[in-house]
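Okay, structure first, notes after.
These figures come from a predicted structure and were not determined experimentally.
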Amino acid sequence: MTKLWGGRFQKSAEQWVDEFGASIGFDQTLVMEDLDGSIAHVKMLGDCKILPSKDVQQILVGLEELKKRAAENELEFSVANEDIHLNLEKMLIDLIGPVGGKLHTGRSRNDQVATDMHLFLKNRVGEIIELIDLFQKTLVEQAEKHVETLAPGYTHLQRAQPISFAHHLMAYFWMLERDKDRFHDSIKRIDISPLGAGALAGTTFPIDRKLAADYLGFSNVYANSMDAVSDRDFIVEFLSNSSMLMAHLSRFAEEIILWSSSEFNFIELDDSFSTGSSIMPQKKNPDMAELIRGKTGRVYGNLMGLLTVIKGLPLAYNKDMQEDKEGMFDTVHTIVGSLKIFEGMVRTMTVHTERLHDTVHKDFSNATELADYLASKGLPFREAHEVTGKLVFLCIQRGYFLLDLPLEDLQEASNLIESDIYDILSPLAAVKRRNSLGGTGFEQVKIQINEAKNRLA
């Protein structure tokens, strides 16, 4: 078949070459954005008297019919027409006749595709922000249930100090809050219209780019036509923000995996977010958490892929930029799915509060309390640290924990220790007393939760 751009060519490419160069296999994802962009463009052409109103109305009727068919999955795309833009233009011409060819007046596929991707991300980033918001609400709901649930806090994956389990959950709330802020901030760089920039130099037609942008709901237009068609910063930024989000989800996934193991047994995941083994009947695997941890790598890869594509491109448009879409589509699909899965996992998980309680009573995570106690009585902290360390070693030799040591053993280590030490060493007291701003003390955790609720409201 004849290409819509084929007037200058004397022979056609072989089919396999067409297939290699075509993007319709993936950029058909942009079908609605492309049609919306075309509707705005032709309305602007009519308003600016570049096309007669009867042509504009005929084209609009055709485009609306294509939108209806697209919504019902009735459009059939062809590799021979390369991409979503030429496929839809050919369909329009077949539908309404040669007047459909006037749609491309005053624009290029270069500004057309850039417009489509701005529209696509503008819509999807809003959806992602809503999903983060929903996940945060679930975290707050779980945290409210577990303000006074004691749990071991870790550093180096070694038990460090007792904490409120809610405090641990809320740490992820604040990570997600930063992620949400980054996506919010990126909208002002997504919400810019390239439409009307042409191939790279603008157009001789008396178009009104701001009018077209208004039709599409953009708040601004690119000031430079070359920048408009070659800019992919907004996609790189989206992929970067997505990578940070996935890093946070992956960290949480790792903890979910650990917590649900027999060794930890802090939580149990709902059956609907777990899988079994084909050979070991007893297994209940946290596969969804593992998948999210694994999918983090593909999101990182999409970011590095696009950075590599654009790093040496001269202005303005180059065919390399066709590689900007699949990673973007894949990342949207991945993070939307990951957020939905994670929200469900956390909402339905069972927290083993008794197991957590037993854990903090059978370790040395209260050792800092003893060191702080001695320091509060005037002993230099470094000396208090050494005294406490020696007492921990004594406990290990005897098979005790600090709360098990007789008072005389404690006082032999330091005459500053009095009988009130047993109250101080209580994990419950240890957590309650940590009421510095942002600490794990129950009152501080409640303040955090209230602040989180205010932000979500």
Electrostatic pair [X]-[Y], nearest N-O below 4.0 angstrom:
{"X": "Asp287", "Y": "Arg293", "answer": "no"}
{"X": "Glu130", "Y": "Lys180", "answer": "no"}
{"X": "Arg69", "Y": "Glu65", "answer": "yes"}
{"X": "Arg433", "Y": "Glu369", "answer": "yes"}
{"X": "Asp94", "Y": "Lys90", "answer": "yes"}
{"X": "Glu64", "Y": "Lys67", "answer": "no"}
{"X": "Glu451", "Y": "Arg455", "answer": "yes"}
{"X": "Arg182", "Y": "Asp185", "answer": "no"}
{"X": "Asp271", "Y": "Lys284", "answer": "yes"}
{"X": "Glu237", "Y": "Arg232", "answer": "no"}

Does any donor atom in the side chain of [X] or [Y] lie under 3.5 Å from an acceptor atom in the other side chain?
{"X": "Tyr172", "Y": "Glu255", "answer": "yes"}
{"X": "Ser38", "Y": "Arg107", "answer": "yes"}
{"X": "Asn87", "Y": "Gln28", "answer": "no"}
{"X": "His167", "Y": "Ser164", "answer": "no"}

How far does [atom1] of [X] sit from [atom2] of [Y], to the nearest 0.5 angstrom?
{"X": "Leu249", "Y": "Glu254", "atom1": "CG", "atom2": "CD", "result": "13.5 Å"}
{"X": "Arg124", "Y": "Ile129", "atom1": "CZ", "atom2": "CD1", "result": "14.0 Å"}
{"X": "Asn110", "Y": "Asn318", "atom1": "CG", "atom2": "CG", "result": "9.5 Å"}

Heavy-atom check, side chain of [X] versus side chain of [Y], under 4.5 Å:
{"X": "Val351", "Y": "Lys145", "answer": "no"}
{"X": "Pro152", "Y": "Phe266", "answer": "yes"}
{"X": "His104", "Y": "Glu89", "answer": "yes"}
{"X": "Tyr300", "Y": "Thr296", "answer": "yes"}
{"X": "Leu245", "Y": "Asn241", "answer": "no"}
{"X": "Ser23", "Y": "Lys325", "answer": "no"}
{"X": "Asn435", "Y": "Phe442", "answer": "no"}
{"X": "Asn123", "Y": "Glu33", "answer": "yes"}

Checking [X] side chain against [Y] main chain: does a donor-acceptor pair fall under 3.5 Å?
{"X": "Gln161", "Y": "Asn366", "value": "no"}
{"X": "Asn224", "Y": "Asp227", "value": "yes"}
{"X": "Thr350", "Y": "Ile267", "value": "no"}

Heavy-atom pair of closest approach, residues [X] and [Y]:
{"X": "Pro194", "Y": "Ala228", "result": "CB-O, 3.7 Å"}
{"X": "Thr334", "Y": "Val299", "result": "CG2-CG2, 3.8 Å"}
{"X": "Ala452", "Y": "Val140", "result": "CB-CG2, 3.9 Å"}
{"X": "Val79", "Y": "Ile24", "result": "CA-CG2, 3.9 Å"}
{"X": "Asp111", "Y": "Thr115", "result": "O-OG1, 2.7 Å"}
{"X": "Ile190", "Y": "Lys122", "result": "CG2-N, 3.5 Å"}

Checking Arg347 now: which residues fulfil side chain to side chain donor-acceptor pair (under 3.5 Å) with it, not counting sequence neighbours?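 Arg347 satisfies side chain to side chain donor-acceptor pair (under 3.5 Å) with Glu343 once adjacent residues are dropped.
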Atom pairs and distances, side-chain donor-acceptor, residues 208-216, under 3.5 Å, sequence neighbours left out:
residue: Asp208; atom: OD1; partner: Lys210; partner atom: N; Å: 3.2
residue: Asp208; atom: OD1; partner: Leu211; partner atom: N; Å: 3.0
residue: Arg209; atom: NE; partner: Leu195; partner atom: O; Å: 3.0
residue: Arg209; atom: NH1; partner: Tyr222; partner atom: O; Å: 2.8
residue: Arg209; atom: NH2; partner: Ser193; partner atom: O; Å: 3.0
residue: Arg209; atom: NH2; partner: Tyr222; partner atom: O; Å: 3.4
residue: Tyr215; atom: OH; partner: Asp47; partner atom: OD2; Å: 2.5

From the list Lys137, Lys446, Lys453, salt bridge (Lys or Arg N to Asp or Glu O under 4.0 Å) with Glu144 holds only for Lys453
Residue of the set Leu45, Asp55, Thr203 for which side-chain contact (heavy atoms from CB on, under 4.5 Å) holds with Ile50: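 When side-chain contact (heavy atoms from CB on, under 4.5 Å) is applied between Ile50 and each of Leu45, Asp55, Thr203, only Leu45 qualifies.
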Checking salt bridge (charged side-chain N to carboxylate O under 4.0 Å, His left out) for the pair Asp330/Arg298: CA distance, chi angles, key distance, verdict? CA-CA 9 Å; Asp330 179 73; Arg298 73 189 294 150; 2.7 Å; yes
How about Trp174 and His248: are their ring centroids closer than 6.0 Å?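 Between His248 and Trp174, which both carry aromatic rings, the centre distance is not below 6.0 Å.
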Check: Phe120 ring centroid to Phe329 ring centroid under 6.0 Å: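 Yes, they do, as the ring centres are separated by less than 6.0 Å.
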